[in-house]
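I have placed the structure first, in the form of structure tokens, so that the comments after it can refer back to it.
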There are 2 protein chains.
Amino acid sequence: MQSESEFLAAYDPRAYPAVAVTVDVVALTIRDGRLCVLLVERGEQPLAGRRALPGGFVRKEETLDQAAMRELGEETGLRPGEGELTRVHLEQLRSYGDPHRDPRMRVFTVAYLAFAPSLPDPRAGSDAAAASWVPVDEARDLAFDHDAILADGLERARAKLEYTPLATAFAGTEFTISELRQIYAAVWGEELHAGNFHRKVLSVPGFVESTGETTARGGERGGPRAKLYRAGDARLLHPALLRPTREEGVR
Amino acid sequence: MQSESEFLAAYDPRAYPAVAVTVDVVALTIRDGRLCVLLVERGEQPLAGRRALPGGFVRKEETLDQAAMRELGEETGLRPGEGELTRVHLEQLRSYGDPHRDPRMRVFTVAYLAFAPSLPDPRAGSDAAAASWVPVDEARDLAFDHDAILADGLERARAKLEYTPLATAFAGTEFTISELRQIYAAVWGEELHAGNFHRKVLSVPGFVESTGETTARGGERGGPRAKLYRAGDARLLHPALLRPTREEGVR
DNA sequence: GCAATAGTGTCTATGAGACAATATCAC
DNA sequence: GTGATATTGTCTCATAGACACTATTGC
């Protein structure tokens, strides 16, 4: 069996070419109605000065999920399991391993996708000195293959809003239907009909549940007080909220 | 920046703990109306005699996709790009990297999912001596974490049939609507209403296109000749074919 | 009062699914 | 002829989306 004999050859670490495994995180949040991604500025060669996704080596005795959560915590200055980071949604995106995606050596990376509510500017942590939230449409020319990773993450995020309640991961613990609609609009990049969206969200079992409260005051430019909701217990939306204007998948 | 300094430390391969990266393939096909997965029998320690997903090391100068296609070709005895292997659908599933998932060393694996039309028994290739197609409900107690990988692959496959035309990857180049329905039934594990399925498939633009031909003769137990179709040019099904009896995602 | 927004009502087109009906074939 | 299967027809219900309408609030 081919795989078995290869495994055995690897028993001596020095007999095998050096490879490394990292995690990179596409961390998304909504700021000022815009979808933003967490980027760091590289301080060292190669590609010094270029922006990149936060990431780093997977450590010994650490799972991939743990490594991703640790990196996210380091770059945001927040500690996993503390405060708002407990509400961050984190899921594996996919892996990238083209032979020369890193010029120094063979580096495989496992990309993660994170949905975060609006977090403070990532200045608190020491490691986060060069980290910042950047609107996704301004996040170009990233280091390595991070443009492609970001694009994959965005597509995944847009698709996930359709059939999961993960949009609530971008909101605070309590939110109005309008806030939820603005999250969808920011991620999908298109406005949604307020009335239909409102009725539809409430018609999906388990998507949101009412708190019984309303906002303290109406909107900035007038309007009634909105009812407040929190995330429900649904794992999947049924029926789904499909994106409006998308070409048919014919090509 | 944490990740950068770690990268630099890795410049000396010997300074870094040995890790390995493999690909494992969840290759699915339909045989005799049952969904089957390609398994190999391990001939060497550890876990000798246990069944496992086919897989092996990613080689130098090889992309992950190429490694997965190579492994699949080795185990099926077919050569990538030749014959029926050109029609195999292959996509990345996800990665697994728990610290002790392999008892010998730190091994990260990138799992792939393959949809194949009914292939000959994998005896032709020398490497494939111990490989065989096993009905998925009999594929238990696999080596390492392959039970979990298989479960993830099955869930992905079932979901993909809903919104992509990939069911056609299990069929021959020409097929009847009934054959397509039996593929759905095998993957989803439930019967589908013939009349409604038939009308629905034809109503999705680009799912299938008529060849103008019919089968040479009717069914084994009677019935008219069925029209033949081939895969259309759709990448996504719109509207989707949703699975019938699934609990709502509440929990 | 005026403008903006929350929330609801109505209407239409489309799709899902239950069920029935018809046509064609193997035997 | 008999039974099985392919294919089409009909009916009902749920949903998406367009649009209109009312109520409530900030200014």
Side-chain angles (χ1 to χ4, degrees), chain A residues 33 161-163 171 174-185 188 190-205 207-229 236-246 248, chain B residues 33 161-163 171 174-185 188 190-229 234 236-246 248:
Chain A
L161 289 211
E162 291 193 315
Y163 58 95
E174 298 191 351
F175 50 87
T176 68
I177 302 294
S178 281
E179 288 168 357
L180 191 60
R181 173 167 47 84
Q182 285 158 25
I183 288 169
Y184 272 89
W188 285 350
E190 52 194 328
E191 294 306 311
L192 300 173
H193 185 287
N196 288 339
F197 180 86
H198 193 281
R199 182 161 16 86
K200 181 152 192 173
V201 166
L202 295 186
S203 79
V204 178
F207 191 0
V208 298
E209 63 182 31
S210 174
T211 67
E213 310 282 307
T214 68
T215 53
R217 43 159 295 158
E220 312 257 329
R221 288 165 291 187
R225 300 176 191 176
K227 294 178 186 169
L228 284 169
Y229 298 84
L236 294 173
L237 301 184
H238 191 76
L241 279 78
L242 298 181
R243 278 173 277 186
T245 57
R246 45 200 301 225
E248 306 312 331
Chain B
L161 289 210
E162 292 193 314
Y163 58 93
E174 299 191 350
F175 50 87
T176 67
I177 303 293
S178 281
E179 288 168 358
L180 192 60
R181 172 167 49 82
Q182 285 158 23
I183 289 169
Y184 273 89
W188 285 349
E190 50 194 328
E191 293 306 310
L192 299 173
H193 186 286
N196 289 337
F197 180 86
H198 193 280
R199 183 163 13 86
K200 180 151 193 175
V201 166
L202 295 186
S203 78
V204 178
F207 191 1
V208 298
E209 62 184 31
S210 175
T211 65
E213 310 282 308
T214 68
T215 53
R217 43 159 294 160
E220 311 257 329
R221 287 166 290 186
R225 301 177 193 176
K227 295 178 187 169
L228 284 169
Y229 299 84
L236 294 174
L237 301 185
H238 190 78
L241 279 79
L242 298 180
R243 276 172 279 186
T245 58
R246 45 200 299 225
E248 306 313 331

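Since the structure is predicted, the reported quantities are computational estimates derived from the model, not experimental observations.
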B:H238 NE2 - C:dG15 P separation (whole Å):
8 Å

Rounding to an integer number of Å, can you tell me how far A:E191 CD sits from D:dG17 C1'?
16 Å

Output every pair passing side-chain hydrogen bond (donor to acceptor under 3.5 Å, both in side chains) with a member in residues 210-226 of chain B, not counting sequence neighbours, ordered by first then second residue.
none

Spacing between B:L228 atom CG and D:dA6 atom P, to the nearest angstrom:
12 Å

May I ask you to decide if A:L161's main-chain N or O and A:Y184's side chain share a donor-acceptor pair within less than 3.5 Å?
yes

What distance separates B:Y229 OH from B:L180 CG, expressed to the nearest 0.5 Å?
10.5 Å

Donor-acceptor pairs are to be reported for all side-chain atoms of residues 197-205 of chain B against protein atoms at under 3.5 Å, with residues two or more places apart or in another chain.
unit_1 : atom_1 : unit_2 : atom_2 : d
B:R199 : NH2    : B:N196 : OD1    : 2.9
B:K200 : NZ     : B:A240 : O      : 3.4
B:S203 : OG     : B:K200 : O      : 2.8

Rounded distance in Å - OH (A:Y163) to P (D:dT15)
21 Å

Out of C:dT8, D:dT15, D:dT7, minimum distance to the side chain of A:H198 belongs to C:dT8

Rounded to whole angstroms, how far apart are NZ on A:K200 and C1' on C:dG9?
18 Å

Value in whole Å for how far the P atom of D:dT15 lies from CG of A:L241:
12 Å

Where protein sits on nucleotides 18-27 of chain C, one letter per nucleotide: B base, S sugar-phosphate only, - none, heavy atoms under 4.0 Å
BB----BBSS

Categorize A:T176 for me: base, sugar-phosphate, or nothing, with a 4.0 angstrom heavy-atom threshold over every strand shown.
nothing

Rounded to whole Å, how long is the line connecting atom CG of B:L237 with atom C1' of C:dG15?
14 Å

Is it the case that the side chain of B:E162 and the backbone of B:R243 share a donor-acceptor pair, with hydrogens and angles ignored and the cut-off at 3.5 Å?
yes

Could you state the CG-P distance from B:L192 to C:dA16, rounded to the nearest angstrom?
13 Å

So, taking the atom named CG in B:L242 and the one named CG in B:L237, what distance separates them when rounded to the nearest 0.5 Å?
10.0 Å

